[in-house]
Number of protein chains: 2
Amino acid sequence: MSKQFPLNALRVFEAVARHLSFTKAGEELGLTQTAVSYQVKLLEDTLGEVLFLRQPRRIQLTDAGQRLAPKVSDGFDLLRAAVSEMQGSADATLTIHATSTFASHWLARHLGIFQLDNPTLAVRLETSQEVIDFSRTEADLAIRVGKGDWPGLRSHFLMRNHFTPMLSPKLAATIGTIKEPLDLLKLKIIDPSDPWWKIWFTASGHPDAPLEYQSRSRLGAQAVEAAAAMAGHGVAILRPEFYQDDVAMGRLVQPFSLTCEDGSHYWLVYPQSRRHTAKIRAFRDFLKKALPDFDANPFDGTQ
Amino acid sequence: MSKQFPLNALRVFEAVARHLSFTKAGEELGLTQTAVSYQVKLLEDTLGEVLFLRQPRRIQLTDAGQRLAPKVSDGFDLLRAAVSEMQGSADATLTIHATSTFASHWLARHLGIFQLDNPTLAVRLETSQEVIDFSRTEADLAIRVGKGDWPGLRSHFLMRNHFTPMLSPKLAATIGTIKEPLDLLKLKIIDPSDPWWKIWFTASGHPDAPLEYQSRSRLGAQAVEAAAAMAGHGVAILRPEFYQDDVAMGRLVQPFSLTCEDGSHYWLVYPQSRRHTAKIRAFRDFLKKALPDFDANPFDGTQ
DNA sequence: TTCAATGCATCAACTCTCTTGATCCATGCA
DNA sequence: TGCATGGATCAAGAGAGTTGATGCATTGAA
């Protein structure tokens, strides 16, 4: 079965053997009668066997052709089945990669609706902080934070990413009321090297707020910082919408209404080439319904 | 399984899945690594599924690929088997078309040797007077009389065709001895419209011998005329070598040693495209050994 | 008998798929 | 650190495969 062997000719032969007509077979395959004739002859030449007897207005399988035809049909049936089955079962699982923050604070809440709408689709949710590479990881789609400009990938805007300081009410109580942004500096900043802090203090009118840049690296995930904040270990800078529950439960407070952005937002992302897949379409449609700003342009004037 | 589906890509995928290497698969198939890469991507695009995870120095099947690979292998195994089995069994039968004259007077005598040399080959001998068309009849090769110039066919000279009057000794006795060609005209000429008579009489010095051209058409087969001659119904004009047995048995006599030709000779003939088939090669070799003049040029000077 | 319809073969021209070779990049190993 | 391995990417090119026109033989209907 080396590259020499004309597989396409074999496929054509199979169709011709079924129809016993070059023309009909051509129609089935979307070929002209000429092409069919050519392919059959090509196959006959490589096999060294005549497969059809050309009688005036009809063709007929030779003994050789008769022996070959059913087995070739079986072979192609198997291939067809293999392919469609593979596609079927692959379609049955949707693998989503998301940051743990988004997964736990947004997806967890909304995925139920998607699953109700798509009962046959098993969802596999993988969380990772890294930006996954679709060619190296088995994932159908991903939720990423960034600018939406990833080459080779299709991206849809999901929601803006903004942030504001948050801390546990208990910790806040230790310094009385928090009136002024600079008050926060009396407390421990959980990750002062996070550029978000610089942005926020600048926006609040304190571009020179003293932040200890030298300290530990980012904890890596907003969720971890949030947990630390809830535990009263310090002040975190978070996306407030993700923690409304915790605010309601009294685990966190948002002392200032000022929120800032750094230009990175949440995006749905998947490989260009797979944009027409049913399951991807389904998830895209779900997000479109669930998110008012889906596919909006975060960079136009209307903030 | 329409023409859209890249069958070749599937074949490439099968090889890659076995080797787990684009390069190795390429070597097996006689392709460059680039081509393999292209084909795999093509297949992935049409399926809408990633089949391999590209890790730095190795690749790995995805779930989808893992499901697909074994079934595709099975499918190709089936096709491979179908093809080789067909070829095998087709190679096991050699169908020869010959004129009944040649079949009964030459082949019948010599075919035994061929079958001893090729015990696995079943020989099917079909006799017919018509010049068969290989595209309309199931035949591997044919023995024909003619000039050896059939388009699309390969032909090998077998033996000259020449002829001389022959008759039963009993019939000859009815007019005493036969000394002179014209003596034959005292007897019934079995098929006087046969152009061979005209040629022979002319060669014997009697271009004006009165032959009843108007009479019945040729009996069609030399064998039939020979039978008539043996039965004493008249004089036939035959290829003497074919009837040496009958001469020996006293059924026929050849009154004159003069033999003539009409430019047509015996040829082995088969489709160009099948010249490399094992069974055709075998039969050709057999004739080469059995016939001293095999593949000689009957038209050169050396008669 | 003649005429129209059907179906395959043939031919030349072209298209576009597929292949090649060069180059690049990342990783693993010495 | 430097080399070998293995895959991706790119531009260029070849050639397999298609197409459409045409021809031929047969069948069936008028």
Side-chain angles (χ1 to χ4, degrees), chain A residues 2-13 15-17 19-46 50-62 65 130 133-137 151-153 271-273, chain B residues 2-13 15-46 50-62 65 130-131 133-137 151-153 271-273:
Chain A
S2 79
K3 77 158 170 177
Q4 324 299 349
F5 193 86
L7 268 183
N8 294 319
L10 206 57
R11 164 170 55 191
V12 169
F13 164 75
V16 175
H19 292 286
L20 281 180
S21 156
F22 284 28
T23 312
K24 297 263 177 56
E27 282 164 10
E28 174 182 317
L29 295 169
L31 298 177
T32 58
Q33 174 264 331
T34 314
V36 174
S37 175
Y38 172 86
Q39 297 281 1
V40 169
K41 181 179 288 174
L42 178 66
L43 183 63
E44 288 180 333
D45 284 355
T46 53
V50 180
L51 297 170
F52 294 101
L53 298 180
R54 276 75 162 177
Q55 277 140 2
R57 277 169 50 96
R58 55 181 246 192
I59 56 172
Q60 195 182 333
L61 280 163
T62 62
E130 312 103 54
D133 177 343
F134 283 97
S135 73
R136 304 198 181 179
T137 321
L153 300 180
Q272 275 285 0
S273 55
Chain B
S2 81
K3 76 158 171 178
Q4 324 299 347
F5 193 88
L7 267 184
N8 294 319
L10 206 58
R11 163 169 57 190
V12 170
F13 164 74
V16 175
R18 261 187 294 112
H19 293 285
L20 282 180
S21 156
F22 284 29
T23 312
K24 297 264 177 55
E27 282 164 12
E28 174 181 316
L29 295 169
L31 298 178
T32 58
Q33 174 263 330
T34 316
V36 174
S37 176
Y38 173 86
Q39 296 282 2
V40 169
K41 182 179 287 173
L42 178 67
L43 183 63
E44 288 180 332
D45 284 355
T46 53
V50 180
L51 298 170
F52 295 100
L53 298 179
R54 277 77 161 175
Q55 278 140 1
R57 279 170 50 96
R58 55 181 245 189
I59 56 171
Q60 196 182 335
L61 279 163
T62 62
E130 313 103 52
V131 172
D133 177 344
F134 283 97
S135 73
R136 303 198 181 179
T137 320
L153 300 181
Q272 274 286 0
S273 55

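Reminder, nothing fancy here: chain letters follow the sequence lines and each chain counts from 1. This structure is a prediction, so every number in the text was calculated from the model and none was measured.
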Colleague: Measuring only between side-chain heavy atoms, which start at C-beta, is A/Phe5 closer than 4.5 Å to A/Leu10?
Modeller: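 When only atoms from C-beta onward are counted, A/Leu10 and A/Phe5 do touch, with a gap below 4.5 Å.
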Colleague: Please state whether the phosphate of D/dT18, meaning OP1 or OP2, lies under 4.0 angstrom from any side-chain nitrogen or oxygen of A/Gln39.
Modeller: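 For D/dT18, OP1/OP2 do have a side-chain N/O of A/Gln39 under 4.0 Å.
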Colleague: What contact category does A/Thr34 fall into here, base, sugar-phosphate, or nothing, at under 4.0 angstrom with non-hydrogen atoms?
Modeller: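 Base, at least one base heavy atom under 4.0 Å.
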Colleague: Roughly how many Å is it from CG in B/Leu31 to P in D/dG7, rounded to a whole number?
Modeller: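 Value for this atom pair: 14 Å.
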Colleague: Answer whether the closest heavy-atom distance between the side chains of A/Ile59 and A/Phe22 falls below 4.5 Å.
Modeller: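 Yes, their side chains come closer than 4.5 Å.
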Colleague: Keeping B/Gln60 on the side-chain end and B/Leu53 on the backbone end, is there a donor-acceptor pair under 3.5 Å?
Modeller: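 Here the side-chain-to-backbone pair does not exist.
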Colleague: Within the structure provided, determine whether B/Lys41 and B/Ser37 are in side-chain contact (heavy-atom separation under 4.5 Å).
Modeller: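 A side-chain contact is absent here, since even the closest heavy-atom pair is not under 4.5 Å.
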Colleague: Closest-nucleotide mapping onto DNA chain D: is B/Asn8 or B/Ser37 further toward the 5' terminus? I mean the 5' end.
Modeller: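 Going by which nucleotide is closer to the 5' end, it is B/Ser37.
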Colleague: Got B/Arg11 and B/Asn8 here, is their nearest side-chain heavy-atom distance under 4.5 Å?
Modeller: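 Yes, at least one pair of side-chain atoms sits under 4.5 Å.
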Colleague: Does the side chain of B/Arg18 reach to within under 4.5 Å of the side chain of B/Glu28, using non-hydrogen atoms?
Modeller: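 Answer yes - side chains close enough.
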Colleague: Could you state the CD-P distance from A/Gln33 to D/dG23, rounded to the nearest angstrom?
Modeller: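 Answer to the nearest Å: 16 Å.
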Colleague: For A/Phe22, report the nucleic acid contact type (base, sugar-phosphate, nothing); a contact means any heavy atom under 4.0 Å.
Modeller: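 Contact class for A/Phe22: sugar-phosphate only.
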Colleague: Just to be sure I understand the rule, does B/Thr23 reach a base, reach only the sugar-phosphate, or reach nothing, if contact means heavy atoms closer than 4.0 Å?
Modeller: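 It contacts sugar-phosphate atoms only.
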Colleague: Tell me: CG of A/Leu10 to P of D/dG17, nearest whole Å?
Modeller: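 Between P of D/dG17 and CG of A/Leu10: 13 Å.
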Colleague: I need the CG-P distance between B/Leu7 and D/dA16, as an integer number of Å.
Modeller: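 Rounded to whole Å, this separation is 18 Å.
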Colleague: Tell me the interatomic distance from B/Asp45, atom CG, to D/dT9, atom P, rounded to whole angstroms.
Modeller: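 One finds 11 Å between P of D/dT9 and CG of B/Asp45, rounded.
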Colleague: Rounded to the Å, how far apart are B/Arg54 CZ and D/dT9 P?
Modeller: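 The distance from CZ of B/Arg54 to P of D/dT9 comes to 9 Å, rounded to the nearest Å.
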Colleague: In whole Å, I'd like the distance from the CG atom of A/Leu42 to the P atom of D/dT18.
Modeller: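 Whole-Å distance recorded here is 10 Å.
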Colleague: Give the ring-plane orientation class for B/Phe13 versus B/Phe52, where under 30° counts as parallel, over 60° as perpendicular and anything between as tilted.
Modeller: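 Judged by the thresholds at 30° and 60°, the geometry between B/Phe13 and B/Phe52 is tilted.
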Colleague: Hey, where on DNA chain C does chain B first and last touch, going 5' to 3'? Cut-off is any atom under 4.0 Å from a heavy atom.
Modeller: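 Taking any atom under 4.0 Å from a heavy atom of chain B, the span is C/dC18 to C/dG28.
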Colleague: To the nearest Å, give me how far apart NZ (B/Lys24) and P (D/dT5) are.
Modeller: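 Distance, rounded to whole Å: 11 Å.
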